Asker: 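Dropping a structure here in structure tokens format, bear with me for questions.
Basis for what follows: all heavy atoms, side chains included, without hydrogens, waters or symmetry-related copies. Count residues from 1 along the sequence. These figures come from a predicted structure and were not determined experimentally.
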Amino acid sequence: MVEYTVDLAGVKNKLLFHNKLVQVLPFPLYYGKNLDALYDVLVDAHPMWEITFLNCQDAVESMGDYMANVWMTFTEAIDAGAAVRVVWKR
């Protein structure tokens, strides 16, 4: 298992969120910085990732519904067999 930590402190919009992911996770260069692209990367074959998100409350307060959709994207990818485990921390 490969462990990653994504700190969402100060993330106030979609672009900043996806830029954080690109900085931390080994995403391909062609990553589209949207939820469909996120789903695709998560379900692609790769070693098991454990992703810990820190300061989630900051992002939820700024982006509300979008963060709910992010959570749903991770859930759907995991349900589809993605090799990902996610920890959300306030």
Asker: Between P26 and W49, what is the shortest heavy-atom contact and its length?
Answerer: CG-CZ2, 3.6 Å
Asker: Taking C-beta and beyond as the side chain, do N19 and K33 meet within less than 4.5 Å on heavy atoms?
Answerer: yes
Asker: So does K20 have more than 12 non-hydrogen atoms from other groups sitting under 6.0 Å from NZ?
Answerer: yes
Asker: Hey, could you give me the CG/CG distance between D40 and N34, rounded to the nearest 0.5 Å?
Answerer: 8.5 Å
Asker: Would you sort out whether M63 and V11 count as a side chain to side chain contact (heavy atoms under 4.5 Å, CB included), showing the intermediate values?
Answerer: CA-CA 9 Å; M63 297 188 294; V11 171; 3.8 Å; yes
Asker: What orientation do H18 and Y66 show, parallel under 30°, tilted 30 to 60°, or perpendicular over 60°?
Answerer: perpendicular
Asker: About how many Å separate CG of L8 and NZ of K89, when rounded to the nearest 0.5 Å?
Answerer: 13.0 Å
Asker: Taking atom CZ of F53 and atom CZ of F74, what is their separation to the nearest 0.5 Å?
Answerer: 3.5 Å
Asker: Give me the other members of the hydrophobic cluster that M1 sits in, counting Ile, Leu, Val, Met, Phe, Trp and Tyr linked by side-chain heavy atoms under 4.5 Å, directly or via other members.
Answerer: M48
Asker: OG1/T73 to CD1/I78 distance, rounded to the nearest 0.5 angstrom?
Answerer: 11.0 Å
Asker: Quick check: closest heavy atoms across G32 and A37, and the distance to 0.1 Å?
Answerer: N-CB, 3.6 Å
Asker: So, taking the atom named CG in L16 and the one named CG in L21, what distance separates them when rounded to the nearest 0.5 Å?
Answerer: 11.0 Å
Asker: Within the 4.5 Å heavy-atom criterion, are H46 and V84 side-chain neighbours or not?
Answerer: yes
Asker: Quick check: are there more than 12 heavy atoms from other residues, nucleotides or ligands sitting under 6.0 Å from CG of D65?
Answerer: no
Asker: Show your working on side chain to side chain contact (heavy atoms under 4.5 Å, CB included) between L54 and D7 and close with a plain yes or no.
Answerer: CA-CA 5 Å; L54 304 177; D7 188 350; 4.1 Å; yes
Asker: Roughly how far apart are L35 CG and F17 CZ, rounded to 0.5 Å?
Answerer: 7.5 Å
Asker: Going by salt bridge (charged side-chain N to carboxylate O under 4.0 Å, His left out), name the residues that satisfy it together with E50, two or more places apart in sequence or in a different chain.
Answerer: R85
Asker: Count the heavy atoms belonging to other residues, nucleotides or ligands that lie under 6.0 Å from CH2 of W71, then report whether that count exceeds 12.
Answerer: no
Asker: Working note: V41 + L25, criterion side chain to side chain contact (heavy atoms under 4.5 Å, CB included); need CA distance, chi angles, decisive distance, verdict.
Answerer: CA-CA 10 Å; V41 169; L25 299 167; over 6 Å; no
Asker: With a 4.5 Å cut-off on side-chain heavy-atom distances among I, L, V, M, F, W and Y, is there a chain of contacts connecting V6 to V87?
Answerer: no
Asker: Measure across A82 and L42 and return the closest heavy-atom pair with its distance rounded to 0.1 Å.
Answerer: CB-O, 3.2 Å
Asker: Is there a path of hydrophobic side-chain contacts, each under 4.5 Å between heavy atoms of I, L, V, M, F, W or Y residues, that connects V43 with V2?
Answerer: no
Asker: Do V70 and L15 sit in one hydrophobic cluster, given that two such residues count as connected whenever their side-chain heavy atoms are within less than 4.5 Å of each other, even indirectly?
Answerer: no
Asker: Quick one: does L38's side chain get under 4.5 Å of F27's, heavy atoms only?
Answerer: yes
